[in-house]
Amino acid sequence: MSNTTQRKPIRKAVFPVAGLGTRFLPATKVVPKELLPIVDRPLIQYAIDEAREAGIEQMIFVTGRGKTALVENFDIAYELESTMEARGKDLSVLDATRFIPGNLMTVRQQVPLGLGHAIWCARAIVGDEPFAILLPDELMVGHNADTGGCMKQMVEAYDEVGGNLISVLEVPREEVSSYGVIDPGATHGVMTVVNGLVEKPPMALAPSNKIISGRYILQPEVMRTLETQEKGAGGEIQLTDAMARMIGTQPFHAVTFNGRRFDCGSKTGFVEATLALALEREDMGAEIRAIAERLLAR
Ligand code: G1P
């Protein structure tokens with residue numbers, strides 16, 4: 001790719017976090033789903049850390065009514081911190097919640113019209129540069145603490161090919177109709193050319209079993225495309241449909257993440273992620289293993 005505008009660095013990430021989290025009620029009646037903890041860190045923190053690891057510093061939350069605690073979570077909590085300090089407690093546990101002033105921005109999605117609409121709500125802040133999108137429900141972690149995250153791998157791929165990139169993974173065919181699905185072209189290493197995209201197709205019509213797994217690097221033109229995007233699957237304005245219209249006008253690649261994915265949009269996925277990450281923790285892994293074995297032996 002020779003076009004330099006396609007190689008502008010990825011500095012901004014959009015996090016669509018306006019959802020109502022109805023699948024987790026009553027837990028999410030007042031607590032945003034993205035603040036539910038996986039062990040001792042809120043779900044959103046994993047996505048923020050993944051973006052930071054990829055060199056992205058400017059985070060844009062697309063929030064909605066009742067989700068203000070998500071923004072508060074990344075503010076300085078003076079009372080808490082001075083009390084902890086007075087008691088000689090370690091404040092470094094809060095480090096991950098700190099932002100360089102101005103680097104956390106929020107916009108509101110007033111009506112839940114779909115993922116495409118949520119992303120479009122961030123257009124003024126995104127401006128005229130390529131940007132990342134991370135869906136916090138999809139928890140993507142390396143095989144172990146030493147392997148890099150999904151967005152880092154995508155930024156590396158972007159540096160190579162430019163254009164638009166989405167993360168994909170293979171699921172059993174029976175599951176494809178819950179996701180965006182790619183029509184795959186040639187594959188080179190972890191990268192596959194995307195020839196087509198379809199949101200939540202019936203199983204029989206799905207072009208493959210490679211689904212979009214919630215990480216994107218997109219060119220700003222997608223905002224213009226979203227402007228005229230009609231409603232699609234589920235009566236919602238779909239990001240997938242807008243991306244599909246860009247294929248052919250700009251390079252489009254899928255990246256297969258070399259790591260693990262937990263679907264934290266589902267309760268079982270959430271429990272799985274909690275267990276998997278707890279088992280890996282140095283401070284509690286052995287104890288959790290013993291507990292799990294005891295429970296399973298019953
Ligand atoms: C969204 C996207 C879909 C993607 C999925 C990943 O769907 O529209 O293409 O595969 O996230 O989780 P949703 O889960 O919002 O229905």
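Atoms within a ligand are numbered from 1 in the order they appear, just like the ligands themselves.
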With a 4.0 Å cut-off on N to O distance, would you call Asp40 and Arg281 a salt bridge?
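A salt bridge links Asp40 with Arg281.
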
Under 4.0 Å between a side-chain nitrogen and a carboxylate oxygen: does that hold for Lys89 and Glu85?
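Answer for the salt bridge query: no.
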
Looking at atom 12 (O) of ligand 1, what's its closest protein heavy atom, distance included?
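It is Glu138 OE2, 2.5 Å.
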
For atom 10 (O) of ligand 1, closest protein heavy-atom neighbour
Ile212 O, 2.6 Å

Got an N/O contact under 3.5 Å between [X] and ligand 1?
| X | answer |
| --- | --- |
| Glu199 | yes |
| Ser178 | no |
| Leu135 | no |

Check each of Leu134, Asn103, Ile48, Ile44 against Met59 using the side chain to side chain contact (heavy atoms under 4.5 Å, CB included) test, and report the only one that passes.
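Output: one option passes, namely Ile48.
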
Could you check whether atom CZ of Arg173 has more than 12 heavy atoms from other residues, nucleotides or ligands sitting under 6.0 Å from it?
yes

Glu287, CD atom: more than 12 neighbouring heavy atoms under 6.0 Å
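Open: at most 12 neighbouring heavy atoms sit under 6.0 Å from CD of Glu287.
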
Tell me, do Leu169 and Thr256 make a side-chain contact under 4.5 Å, heavy atoms counted?
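Sidechains of Thr256 and Leu169: no contact.
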
In ligand 1, which numbered atoms sit nearer than 4.0 Å to a non-hydrogen atom of [X]?
| X | value |
| --- | --- |
| Thr240 | 9 (O) |
| Gln238 | 8 (O) |
| Lys200 | 7 (O), 13 (P), 16 (O) |

Min heavy-atom dist Ile211 to ligand 1 below 4.0 Å:
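No; Ile211 lies far enough from ligand 1 that no heavy-atom distance drops under 4.0 Å.
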
Under 4.0 Å and counting heavy atoms only, is there anything from the protein next to atom 14 (O) of ligand 1?
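Flag for atom 14 (O) of ligand 1 set to false, no protein heavy atom closer than 4.0 Å.
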
Test item: protein heavy atom less than 4.0 Å from atom 7 (O) of ligand 1:
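Flag for atom 7 (O) of ligand 1 set to true, protein heavy atom closer than 4.0 Å.
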
Donor-acceptor list for residues 221-228 side chains, cut-off 3.5 Å, not counting sequence neighbours:
from: Glu221; atom 1: OE1; to: Gln250; atom 2: NE2; distance (Å): 2.9
from: Thr225; atom 1: OG1; to: Glu221; atom 2: O; distance (Å): 3.0
from: Glu227; atom 1: OE1; to: Trp120; atom 2: NE1; distance (Å): 3.2
from: Thr228; atom 1: OG1; to: Thr225; atom 2: O; distance (Å): 3.3
from: Thr228; atom 1: OG1; to: Arg245; atom 2: NH2; distance (Å): 2.9

Can you list, pair by pair, the side-chain donor-acceptor contacts under 3.5 Å of residues 187-203, counting residues two or more places apart and other chains?
from: Thr187; atom 1: OG1; to: Thr192; atom 2: OG1; distance (Å): 3.0
from: Glu199; atom 1: OE1; to: Thr240; atom 2: OG1; distance (Å): 2.6

